[in-house]
Amino acid sequence: MTDDERFMRMALKEAEQAANDNEIPIGAVIVSNGRVLSRAHNLTETLCDVTAHAEMQAITSAANTLGGKYLQGCTLYVTVEPCPMCAGAIGWAQLSRIVYGCPDAKRGYREYAPKAFHPKATVTEGVLCEECKALMQSFFKKRR
C-alpha cells in the first residue's frame, strides 16, 4: 500500500464517521513528513455552519498543531474534490499538495475555481476513487 492510499484510508474513516453522524461523508487528513497533523470530517449539520467542511476543520486543526497559519510542506488528503470555498482556504493556507479521492462534477473546485490553490501546489486525483464514490453514493441513496 502506498502512503497516498494509507492516508486516504484514514480520510475514509473520517468520512465514515461523518456518515454515522448524518453528515455528508467527506473526510480529510493533513500530513507533514509522514506525520498526521490533523484528521477531520464534515460538521456542517452538527455545528449548523455551512463552512464546517472537512477540509476547513482539518486546516484549522493542523494550523493550531503547527502554531502558524501556513501549511507549506503539508499534504491534504480528502475523499472528495474540494469545493471552491475549501479550495480558496487550501490556497491561502499554502498547502503544498492536495490528494483527493473522487471528483465532484457539480460543486468541485475545478469547475468554478481551478486556480484557487497555491501556484506551486501539486494535485493528485483518483486515490481510492471507487471507495470514496461508493461511500457518497450509499449515503445519498439512504437519504432519498
Side-chain angles (χ1 to χ4, degrees), residues 1-47 49-111 113-114 116-118 120-144:
M1 179 184 321
T2 68
D3 282 347
D4 283 353
E5 291 171 337
R6 181 166 60 101
F7 293 123
M8 188 60 75
R9 290 210 183 281
M10 289 181 190
L12 271 165
K13 285 186 182 186
E14 288 293 325
E16 289 166 2
Q17 181 60 52
N20 291 338
D21 296 340
N22 286 321
E23 298 276 0
I24 293 175
I26 298 175
V29 173
I30 295 179
V31 176
S32 176
N33 296 319
R35 175 180 162 225
V36 175
L37 300 178
S38 65
R39 301 171 193 232
H41 56 270
N42 274 6
L43 292 172
T44 59
E45 300 297 326
T46 302
L47 299 177
D49 179 355
V50 297
T51 69
H53 290 195
E55 300 95 322
M56 303 294 270
Q57 301 299 309
I59 288 168
T60 299
S61 180
N64 287 333
T65 297
L66 292 176
K69 62 185 178 180
Y70 297 117
L71 301 176
Q72 296 144 328
C74 296
T75 300
L76 167 70
Y77 293 88
V78 61
T79 55
V80 176
E81 176 186 349
C83 73
M85 175 187 68
C86 291
I90 291 163
W92 285 113
Q94 298 183 17
L95 280 144
S96 297
R97 186 167 178 245
I98 300 88
V99 179
Y100 66 87
C102 64
D104 184 348
K106 292 181 182 175
R107 301 211 179 218
Y109 82 95
R110 292 181 302 167
E111 178 70 25
F117 296 152
H118 189 275
K120 293 182 182 177
T122 61
V123 178
T124 302
E125 54 190 71
V127 176
L128 302 181
C129 178
E130 292 307 313
E131 291 176 50
C132 295
K133 184 165 59 172
L135 182 58
M136 289 289 282
Q137 288 173 337
S138 171
F139 177 79
F140 284 110
K141 186 176 181 182
K142 289 176 188 172
R143 290 186 85 181
R144 292 186 185 124

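Numbers for residues simply follow the sequence, beginning at 1.
Take Asp49 and apply the side chain to side chain contact (heavy atoms under 4.5 Å, CB included) test, not counting sequence neighbours, and it matches Leu47, Thr51, Ala52. Listed by chain and number, the residues in a side chain to side chain donor-acceptor pair (under 3.5 Å) with His41 are Glu14 (sequence neighbours excluded). Residues that satisfy the side chain to side chain donor-acceptor pair (under 3.5 Å) test with Asp3, not counting sequence neighbours, are Arg6.
In terms of modelled atom types and a separation under 3.5 Å, the side chain of Asn42 and the main chain of Ala54 share a donor-acceptor contact. Here the side chain of Thr65 pairs a donor or acceptor atom with the backbone of Ser61 at under 3.5 angstrom. Using modelled atom types, one side-chain atom of Glu5 and one backbone atom of Thr2 make a donor-acceptor pair closer than 3.5 Å.
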Atom pairs and distances, side-chain donor-acceptor, residues 70-79, under 3.5 Å, sequence neighbours left out:
| from | atom 1 | to | atom 2 | distance (Å) |
| --- | --- | --- | --- | --- |
| Gln72 | NE2 | Gln94 | OE1 | 2.5 |
| Tyr77 | OH | Asp4 | OD1 | 2.8 |
| Thr79 | OG1 | Gly27 | N | 3.1 |

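Residue pairs meeting the side-chain hydrogen bond (donor to acceptor under 3.5 Å, both in side chains) criterion with at least one member in residues 18-37, sequence neighbours excluded, are Gln17-Asp21, Glu23-Thr44, Glu23-Thr46. Pairs of residues two or more places apart, or lying in two chains, that qualify as side-chain hydrogen bond (donor to acceptor under 3.5 Å, both in side chains) and include a residue from residues 124-134 are Arg9-Glu131, Arg97-Thr124, Tyr100-Glu125, Arg110-Glu125. For residues 11-40, the set of pairs meeting the ring pair (Phe, Tyr, Trp, His ring centres under 6.0 Å) definition, not counting sequence neighbours, is empty. Within the structure, salt bridge (Lys or Arg N to Asp or Glu O under 4.0 Å) contacts touching residues 52-73 (residues at least two apart or in different chains) do not occur.
Side chains of Glu16 and Pro25 form no contact here, defined as non-hydrogen atoms less than 4.5 Å apart. Considering only heavy atoms from C-beta on, Lys120 stays 4.5 Å or farther from Ser96 through its side chain.
Ala87 and Pro82 make their closest contact through N-CB, 4.3 Å (heavy atoms, listed as atom of the first residue, atom of the second, distance). Nearest heavy atoms, Leu95 versus His118: O-CB, 4.5 Å. Pairing each heavy atom of Ile59 with each of Ala93, the nearest pair is CG2-CB, 4.1 Å. Closest approach of Ala28 to Ala58, counting heavy atoms only: CB-CB, 4.0 Å. Minimum interatomic distance between Val99 and Met8 (heavy atoms only, all atoms of both residues): O-CE, 3.7 Å.
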Between Val123 and Tyr109, does a side-chain contact (heavy atoms from CB on, under 4.5 Å) hold up when you go through it step by step?
-> CA-CA 12 Å; Val123 178; Tyr109 82 95; 3.8 Å; yes
Show the numbers, then the answer: is there a side-chain contact (heavy atoms from CB on, under 4.5 Å) between Met136 and Ile26?
-> CA-CA 8 Å; Met136 289 289 282; Ile26 298 175; 4.1 Å; yes
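Between the CD1 atom in Ile30 and the OG1 atom in Thr60 there is a gap of 8.5 Å [rounded to 0.5 Å]. Expressed to the nearest 0.5 Å, how far CG of Asp104 lies from SG of Cys132 amounts to 12.5 Å. Taken to the nearest 0.5 Å, the CD atom of Glu81 stands 10.5 Å off from the SG atom of Cys129.
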